[in-house]
Amino acid sequence: MTATELVQAYYDAFNAGDMPAFLDLLADDVVHDINQGERQVGKATFAAFMDKMNRCYRERLSDIVIMQNAGGDRAAAEFVVHGEYLADDEGLPPASGQTYVLPAGAFFEIRAGKVARISNYYNLGDWVAQVG
């Protein structure tokens, strides 16, 4: 599977809400750089992060564009997040079902056919303005 195909499968599983398939695409020691936040390491930690995300947000990604380098070990994606804020997330405004549309991007490192690093980026101020 090429890096582009792997990242497409990652987002297809995300959009389908298929967390087992989504997590299966990750290396056991995956590095997750959270937008304007901390770095987390490990598939179990990523799964716990996704449990929280799925409790607090309902999101679907559209307009996904994926690029990869010539070596196939790095990829980038740009997309639009269509979301609903379902439950309060610590340090953020209260949730009451607000909807949002947010451009975002991600960078990936690929190792042995798995996602070894993902770094997500979006404009948190834009999101807060939409849900606040």
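When a residue number appears, it is its place in the shown sequence, counting from 1. Keep in mind that this is a model prediction, so the values were computed, not measured.
- Ring-plane geometry between Phe46 and Phe22 is classed as tilted, the angle between the planes lying from 30 to 60 degrees on a 0 to 90 degree scale.
- With sequence neighbours excluded, the residues forming a side chain to side chain donor-acceptor pair (under 3.5 Å) with Gln68 are Thr4, listed by chain and number.
- Contact detail for Val41 and Thr45: the closest heavy-atom pair is O-OG1, 3.3 Å.
- Summarising the geometry, atom CG belonging to Leu102 is positioned 7.0 Å from atom CG belonging to Asn123; distances are rounded to the nearest 0.5 Å.
- In this structure, Val115 and Leu6 have side chains that are in contact, with non-hydrogen atoms separated by less than 4.5 Å.
- Not counting sequence neighbours, Ala129 has no partner by the side-chain contact (heavy atoms from CB on, under 4.5 Å) test.
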Verdict with reasoning, Met50 to His32, per side chain to side chain contact (heavy atoms under 4.5 Å, CB included): CA-CA 11 Å; Met50 289 307 302; His32 180 211; over 6 Å; no

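- Residues passing the salt bridge (charged side-chain N to carboxylate O under 4.0 Å, His left out) test with Glu84 are Arg58, sequence neighbours excluded.
- For Tyr85 and Glu59, the side-chain atoms include no donor-acceptor pair closer than 3.5 Å.
- The cluster map of Ile, Leu, Val, Met, Phe, Trp and Tyr, joined by side-chain heavy atoms under 4.5 Å apart, puts Met67 and Met1 in different clusters.
- Linking Ile, Leu, Val, Met, Phe, Trp and Tyr residues whenever their side-chain heavy atoms come within less than 4.5 Å leaves Val31 and Met53 in two separate clusters.
- Counting only distance, with no hydrogens or angles, the side chain of Asn120 and the backbone of Ala106 share no donor-acceptor pair below 3.5 Å.
- Side-chain atoms of Gln130 come within 3.5 Å of backbone atoms of Val101 as a donor-acceptor pair (strictly under, hydrogens ignored).
- The hydrophobic cluster containing Phe108 does not contain Tyr121, counting ILVMFWY residues as joined when their side-chain heavy atoms lie under 4.5 angstrom apart, directly or transitively.
- Among residue pairs with one or both ends in residues 2-14, none qualify as salt bridge (charged side-chain N to carboxylate O under 4.0 Å, His left out); sequence neighbours excluded.
- A distance-only check finds no donor-acceptor pair linking the side chain of Glu109 to the backbone of Arg117 [under 3.5 Å].
- Nearest heavy atom pair, residue Gly72 against residue Ala3, reads O-CB, 3.5 Å.
- For Ser62, the side chain to side chain donor-acceptor pair (under 3.5 Å) partners at least two apart in sequence or on another chain are His82.
- Evaluation of the side chain to side chain donor-acceptor pair (under 3.5 Å) rule for Asp24 yields no partner, not counting sequence neighbours.
- Taking Asp89 as the reference, Lys52 meet the salt bridge (charged side-chain N to carboxylate O under 4.0 Å, His left out) condition, with sequence neighbours excluded.
- Residues Tyr100 and Val80 fall into different hydrophobic clusters, defined by Ile, Leu, Val, Met, Phe, Trp and Tyr side chains chained together at heavy-atom separations under 4.5 Å.
- Within the model, atoms NZ of Lys114 and OH of Tyr10 stand 13.0 Å from one another, a figure rounded to the nearest 0.5 Å.
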CA sep, side-chain torsions, deciding dist, call: Ile34, Arg39, side chain to side chain contact (heavy atoms under 4.5 Å, CB included): CA-CA 6 Å; Ile34 300 170; Arg39 171 173 273 195; over 6 Å; no

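- When the side-chain contact (heavy atoms from CB on, under 4.5 Å) test is applied to Leu124, the partners found at least two apart in sequence or on another chain are Asn35, Gln36, Leu92, Tyr122, Trp127, Val128.
- Judged as a salt bridge (charged side-chain N to carboxylate O under 4.0 Å, His left out), and not counting sequence neighbours, Asp88 has no contacts.
- No more than 12 heavy atoms of other residues, nucleotides or ligands sit less than 6.0 Å from atom CZ of Phe107.
- For Asp29, the side-chain contact (heavy atoms from CB on, under 4.5 Å) criterion is met by Ala27, Arg111, not counting sequence neighbours.
- Every residue two or more places apart in sequence or in another chain that forms a side-chain contact (heavy atoms from CB on, under 4.5 Å) with Leu61 is listed here: Tyr11, Phe14, Asn15, Ile64, Phe79, Val81.
- Its side chain outside the 4.5 Å cluster rule for every partner, Leu86 clusters with none of the Ile, Leu, Val, Met, Phe, Trp and Tyr residues.
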